[in-house]
Amino acid sequence: MRMESGTKIPSHVAIIMDGNGRWAATQGKPRSWGHAQGVESIRACIEAARVAGVGYITFYTFSTENWGRPESEVSALMDLLCEGIVNETPELARQGVRIVVIGGRGALSDKVRTHIDEIEQATAGGKNLTVVLAINYSSRSEITRAAQQIAARALGGDLVPVMVTEQTFAEELYTSDIPDPDLLIRTGGEQRLSNFLLWQAAYAELLFLPVMWPEFGANEFNEALAEYARRERRFGKIDN
Ligand code: IPE
Ligand code: IPE
Ligand code: MG
């Protein structure tokens with residue numbers, strides 16, 4: 001589906017990719033198979049976002065809460081992540097796509113950290129689209145960490161508490177140089193944020209879809225853009 005000219009395109013689309021495990025179960029396959037199929041959906045969305053002229057696309061890849069899954073599923077997810085990075089880096093770099101990772105890196109293995117560093121470096125010059133991967137991400141941890149950094153700066157005499165603004169706060173988040181999402185999509189039928197971009201999504205348009213993530217492709221992405229274009233964003237004001 002092509003977007004009509006003059007259609008509002010979101011600068012930043014954030015996606016909670018949910019439903020891999022349930023989708024795999026419907027196919028009589030293990031959950032890890034669902035995750036592997038989900039990588040195809042990521043590829044399709046990156047391409048569709050680039051074609052549509054979206055500036056930023058964020059994928060919720062692994063939450064801090066996901067460590068609570070069985071060890072075998074966690075390691076399958078980490079292996080897929082490393083494999084995806086190795087396989088996709090050359091093509092993404094060629095397409096001018098920049099990859100940025102947000103989340104706590106300390107808890108990741110050396111191998112995953114090395115792959116993350118490599119893809120960030122290899123794609124740093126990309127100007128056509130920024131892909132943000134939220135890995136070991138928790139919005140509450142991110143906000144808490146920002147508060148710690150601001151408190152440390154205040155104690156160090158670098159700033160006075162009354163001078164702390166929303167801007168000061170936003171600058172201490174992982175997303176300091178990423179605009180707030182305009183459109184937040186969650187696949188898989190659940191209607192919750194699961195600790196994702198709580199600060200940043202204050203005024204995002206929310207779109208909860210029943211489709212499972214492995215079934216989400218370019219057509220579904222373009223449909224979501226069309227739905228966004230139909231929304232009226234008021235930001236608390238009223239129409240004139
Ligand atoms: C989303 O799919 C992928 C991750 C959380 C990493 P799920 O694995 O949550 O799949 P469901 O929701 O159990 O079907
Ligand atoms: C959210 O999905 C996390 C990611 C997509 C990475 P979950 O499946 O982990 O969320 P809950 O458990 O349904 O809230
Ligand atoms: Mg889930």
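Bear in mind that the values here come from a model prediction, so they are computed numbers and not experimental data. Residue numbers count from 1 along this sequence. We count ligands from 1, going down the list as the structure has it; atoms in each ligand are counted the same way.
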Rounded to the nearest 0.5 angstrom, the OG-CE distance for Ser41 and Met17 is 9.0 Å
Side-chain donor-acceptor pairs of residues 80-93 under 3.5 Å, sequence neighbours excluded:
unit_1: Asn87; atom_1: ND2; unit_2: Glu83; atom_2: O; d: 3.4
unit_1: Glu88; atom_1: OE1; unit_2: Arg43; atom_2: NE; d: 3.3
unit_1: Glu88; atom_1: OE2; unit_2: Arg43; atom_2: NE; d: 3.0
unit_1: Glu88; atom_1: OE2; unit_2: Arg43; atom_2: NH2; d: 2.4
unit_1: Thr89; atom_1: OG1; unit_2: Ile85; atom_2: O; d: 2.4
unit_1: Glu91; atom_1: OE1; unit_2: Arg94; atom_2: NE; d: 3.1
unit_1: Glu91; atom_1: OE2; unit_2: Arg94; atom_2: NH2; d: 2.9
unit_1: Glu91; atom_1: OE2; unit_2: Gln95; atom_2: NE2; d: 2.9

**Asked** Should the pair Glu223-Arg230 be classified as a salt bridge under the 4.0 Å nitrogen-to-oxygen rule?
**Response** no
Shell check on the Mg ion (ligand 3): protein N, O or S atoms less than 2.8 Å away are Asp18 OD1
TODO: Using only heavy-atom distances, determine whether the side chains of Thr123 and Arg98 contain a donor-acceptor pair under 3.5 Å.
DONE: no
Are Asp182 and Arg233 ion-paired here, with the side-chain N under 4.0 Å from a carboxylate O? yes
Table please: side-chain donor-acceptor pairs of residues 195-213 below 3.5 Å, with sequence neighbours left out.
unit_1: Asn195; atom_1: OD1; unit_2: Ser139; atom_2: N; d: 3.1
unit_1: Asn195; atom_1: OD1; unit_2: Arg140; atom_2: N; d: 3.0
unit_1: Asn195; atom_1: ND2; unit_2: Glu65; atom_2: OE2; d: 2.9
unit_1: Asn195; atom_1: ND2; unit_2: Ser138; atom_2: OG; d: 3.0
unit_1: Gln200; atom_1: NE2; unit_2: Glu142; atom_2: OE1; d: 3.1
unit_1: Gln200; atom_1: NE2; unit_2: Glu142; atom_2: OE2; d: 3.3
unit_1: Gln200; atom_1: NE2; unit_2: Thr175; atom_2: OG1; d: 2.8
unit_1: Glu205; atom_1: OE1; unit_2: Arg231; atom_2: NH1; d: 3.0
unit_1: Trp213; atom_1: NE1; unit_2: Gly38; atom_2: O; d: 3.0

Please determine, by modelled atom types, if Ser63 and Asn66 share a side-chain donor-acceptor pair under 3.5 angstrom. yes
Here the gap from Thr61 atom OG1 to Leu133 atom CG, rounded to the nearest 0.5 Å, amounts to 4.5 Å
query: His35 and Asn20: side-chain donor and acceptor closer than 3.5 Å?
result: yes
Does any donor atom in the side chain of Thr165 or Thr168 lie under 3.5 Å from an acceptor atom in the other side chain? yes
Give a yes/no verdict on whether any heavy atom in His35 is under 4.0 Å from an atom of ligand 1. yes
Sorted by chain and residue number, the residues with a non-hydrogen atom under 4.0 Å of ligand 2 are Ile16, Met17, Asp18, Tyr60, Thr61, Phe62, Ser63, Asn66, Arg69, Arg186, Arg192, Ser194
